[in-house]
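Quick notes on the structure that follows.
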Protein chains: 2
Amino acid sequence: MGIAERKERDKEELRERILVAAKTLFLEKGVEKTSIRNIADLIEYSPGSIYHYFKDKNEIFHALHQGGFQQLMSRMEVLAAVSNPMERLKRMGAIYVDFALENPDMYDLMFIKDAPILHVSNSNEEQWKEGFGTFNFLRSTIKECIDVGHFRGHEEEALSFLVWSTVHGMVSLRIRRRCEVVLAQRQDTIVHDGLNEFFSILDRLSS
Amino acid sequence: MGIAERKERDKEELRERILVAAKTLFLEKGVEKTSIRNIADLIEYSPGSIYHYFKDKNEIFHALHQGGFQQLMSRMEVLAAVSNPMERLKRMGAIYVDFALENPDMYDLMFIKDAPILHVSNSNEEQWKEGFGTFNFLRSTIKECIDVGHFRGHEEEALSFLVWSTVHGMVSLRIRRRCEVVLAQRQDTIVHDGLNEFFSILDRLSS
DNA sequence: AAAATAAATGAACACTGTTTAAAAACTAAG
DNA sequence: CTTAGTTTTTAAACAGTGTTCATTTATTTT
């Protein structure tokens with residue numbers, strides 16, 4: 001009965017090859033500009049074969065999407081060792097920003113592009129499953145901060161959204177090339193400069 | 001010599017009709033899903049004709065893009081009457097957010113989509129001309145705040161970027177449907193709730 | 001009315017995502 | 001070892017896309 005297992009492995013391997021090819025092309029030329037035929041050419045299969053492994057183009061990029069969240073989550077794991085919630089919150093922001101700037105196309109896919117989300121909200125209920133995990137992590141950290149006495153006068157849910165929005169805003173303006181409006185000599189560092197301003201604001205809100 | 005002028009007017013009128021049709025379709029089904037043939041059908045012209053008025057599809061949406069900035073700018077005009085820079089900054093944020101939520105597709109085109117920007121940065125130098133105006137307005141307001149003694153310890157450029165990022169982050173998460181992760185009963189108000197949290201943070205930074 | 005100019009057309013090109021009938025490859029049973 | 005049955009892969013086809021261009025149509029000038 002080892003043959004069925006080997007075939008299963010082969011199938012999984014080709015599935016993985018498709019994903020690797022798709023990711024390569026996507027990082028090279030973007031999602032929209034990458035066609036099924038391009039992917040097929042790269043793995044030297046016919047375009048039709050890809051539809052035996054993925055329902056449609058969206059499903060391919062949704063698979064990559066999930067991989068991205070696993071990456072981000074694994075980067076967050078070091079935070080378990082940070083007991084001070086305020087310190088953890090800041091380190092979390094730094095990890096988030098670094099991940100986005102180091103993997104702009106993946107971040108784009110996860111948090112900016114709209115296609116993958118629509119795909120998920122079609123297969124109803126479990127809307128953007130991956131997103132919940134990361135936001136819950138942020139929310140619980142902020143709750144800890146509030147419980148310890150920080151952010152007096154602020155409310156958990158709205159503040160969590162605000163914090164997420166701030167880091168998302170910075171990196172997405174960068175990724176989608178809206179930073180040309182800031183001073184030319186500051187463009188390379190503006191996201192980190194902005195993050196530091198944000199940190200010093202958070203410090204002031206500590207009490 | 002009135003004939004040439006009338007022809008000029010006719011040409012301008014058809015150009016405008018293309019833009020109106022393009023905008024209609026775009027608001028209905030999105031930029032990507034709107035084809036030149038769709039636009040041509042709506043104005044009852046052949047697809048080819050459109051290329052007499054616009055170089056390519058990008059140029060059509062770049063024209064709409066410019067119109068969006070004029071809209072946003074005109075909303076900002078009331079701020080000239082607000083002498084207190086801190087008050088002006090907050091009202092500015094509210095106008096920005098309201099504009100984005102009331103015209104999500106236009107905002108998307110202006111600040112999230114990447115195609116129009118690339119088009120501009122190809123026709124070199126004057127990169128994203130429209131964006132400069134709005135950001136300069138924000139920067140000068142924040143400079144006034146600093147000059148009056150607010151935001152002590154913060155720096156003009158990075159803080160301006162941070163403030164912009166915060167409001168942009170909130171509305172773009174909303175527009176690109178990443179708000180499913182916040183509590184279900186808060187989703188409709190979360191952007192305004194977040195904005196209010198932001199305002200109260202700004203107040204704390206006044207001194 | 002004829003010539004010149006401008007505008008609009010529709011067909012064509014090279015793409016796209018996706019479907020499907022047929023072919024090839026491989027496995028299992030007799 | 002051959003035959004039957006599956007699974008995998010393919011190539012062709014469909015309906016769509018942005019864009020170009022020779023040709024036709026309409027208008028203006030001479």
Side-chain angles (χ1 to χ4, degrees), chain A residues 1-19 21-23 25-26 28-65 109 113-116 118-119 122-123, chain B residues 1-19 21-22 25-26 28-64 109 113-116 118-119 122-123:
Chain A
M1 292 279 174
I3 294 155
E5 288 168 12
R6 194 222 60 202
K7 291 204 87 177
E8 195 59 43
R9 274 206 316 278
D10 281 3
K11 207 175 159 167
E12 191 53 44
E13 194 196 301
L14 186 48
R15 214 189 114 96
E16 201 57 42
R17 285 222 295 146
I18 292 170
L19 250 61
K23 189 174 178 178
L25 289 173
F26 157 62
E28 242 170 40
K29 3 187 274 172
V31 186
E32 239 72 41
K33 302 264 171 195
T34 300
S35 72
I36 296 285
R37 285 171 182 80
N38 294 155
I39 300 169
D41 281 356
L42 197 58
I43 61 169
E44 293 177 300
Y45 274 74
S46 73
S49 337
I50 289 174
Y51 288 86
H52 280 260
Y53 298 87
F54 296 94
K55 185 178 137 284
D56 54 25
K57 194 182 174 184
N58 247 332
E59 200 170 274
I60 298 174
F61 292 110
H62 179 64
L64 290 177
H65 188 260
L109 188 70
K113 284 230 138 49
D114 41 27
L118 295 175
H119 172 262
N122 277 356
S123 72
Chain B
M1 293 278 172
I3 293 155
E5 287 166 12
R6 196 224 59 202
K7 292 205 85 176
E8 195 59 44
R9 273 207 317 278
D10 281 2
K11 209 176 157 165
E12 190 54 44
E13 194 196 301
L14 186 49
R15 213 188 115 97
E16 201 57 41
R17 286 221 296 145
I18 292 171
L19 255 78
L25 290 173
F26 156 63
E28 243 171 41
K29 0 188 273 172
V31 185
E32 239 72 40
K33 303 262 168 194
T34 300
S35 71
I36 296 286
R37 285 172 182 80
N38 293 154
I39 300 169
D41 280 355
L42 197 58
I43 60 169
E44 294 177 297
Y45 273 74
S46 73
S49 331
I50 289 174
Y51 289 85
H52 282 261
Y53 297 86
F54 296 94
K55 184 177 137 283
D56 53 25
K57 194 181 173 183
N58 248 333
E59 200 170 273
I60 298 174
F61 293 109
H62 180 64
L64 290 177
L109 187 71
K113 284 229 137 51
D114 40 28
L118 295 174
H119 172 260
N122 277 355
S123 72

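Quick note on labels: first sequence line is chain A, next is B, and so on, each numbered from 1.
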Exercise. In terms of side-chain heavy atoms of B/Tyr53, which of C/dA8, C/dT19, D/dT10 is nearest?
Worked result: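 Ranking C/dA8, C/dT19, D/dT10 by closest atom to the B/Tyr53 side chain puts C/dA8 first.
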Exercise. Can you tell which of C/dT16, C/dT18, D/dT19 lies closest to the side chain of B/Pro47?
Worked result: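 Nucleotide nearest to B/Pro47's side chain: D/dT19.
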Exercise. Just wondering, more than 12 heavy atoms not from A/Lys23 lying within 6.0 Å of its NZ?
Worked result: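 Check fails, neighbour count at 12 or below.
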In whole Å, what is the span from the [atom1] atom of [X] to the [atom2] atom of [N]?
X	N	atom1	atom2	result
B/Tyr51	D/dG18	OH	P	6 Å
A/Glu59	C/dG17	CD	P	15 Å
A/Lys57	C/dG17	NZ	P	4 Å
A/Arg37	C/dT18	CZ	P	10 Å
A/Asn38	C/dG17	CG	P	7 Å
B/Asn58	D/dT19	CG	P	8 Å
A/Asp41	C/dC15	CG	C1'	13 Å
B/His52	D/dT24	NE2	P	16 Å

For this session: Ignoring backbone atoms, establish whether A/Ser46 has a side-chain N or O less than 4.0 Å from OP1 or OP2 of D/dT9.
Result: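 For D/dT9, neither OP1 nor OP2 has a side-chain N or O of A/Ser46 closer than 4.0 Å.
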Exercise. Can you check whether A/Ser49 has a side-chain N or O nearer than 4.0 Å to OP1 or OP2 of D/dT8?
Worked result: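 For A/Ser49, the contact criterion (side-chain N or O under 4.0 Å from OP1 or OP2 of D/dT8) is not met.
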Problem set entry | Pairwise side-chain contact, B/Lys113 with B/Phe61, heavy-atom cut-off 4.5 Å (strictly under) |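 The answer is no; the side chains never approach within 4.5 Å.
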For this session: Taking the side chain as every heavy atom from C-beta outward, state whether B/Ile18 and B/Tyr45 have any pair of such atoms under 4.5 Å apart.
Result: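 B/Ile18 vs B/Tyr45: side chains apart.
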Exercise. Under 3.5 Å, side chain of A/Asp41 to main-chain N/O of A/Asn38, donor-acceptor pair present?
Worked result: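 Such a contact is absent between A/Asp41 side chain and A/Asn38 backbone.
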Exercise. Heavy atoms under 4.0 Å, any strand shown: does B/Leu14 hit a base, just sugar-phosphate, or nothing?
Worked result: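 Touches sugar-phosphate only.
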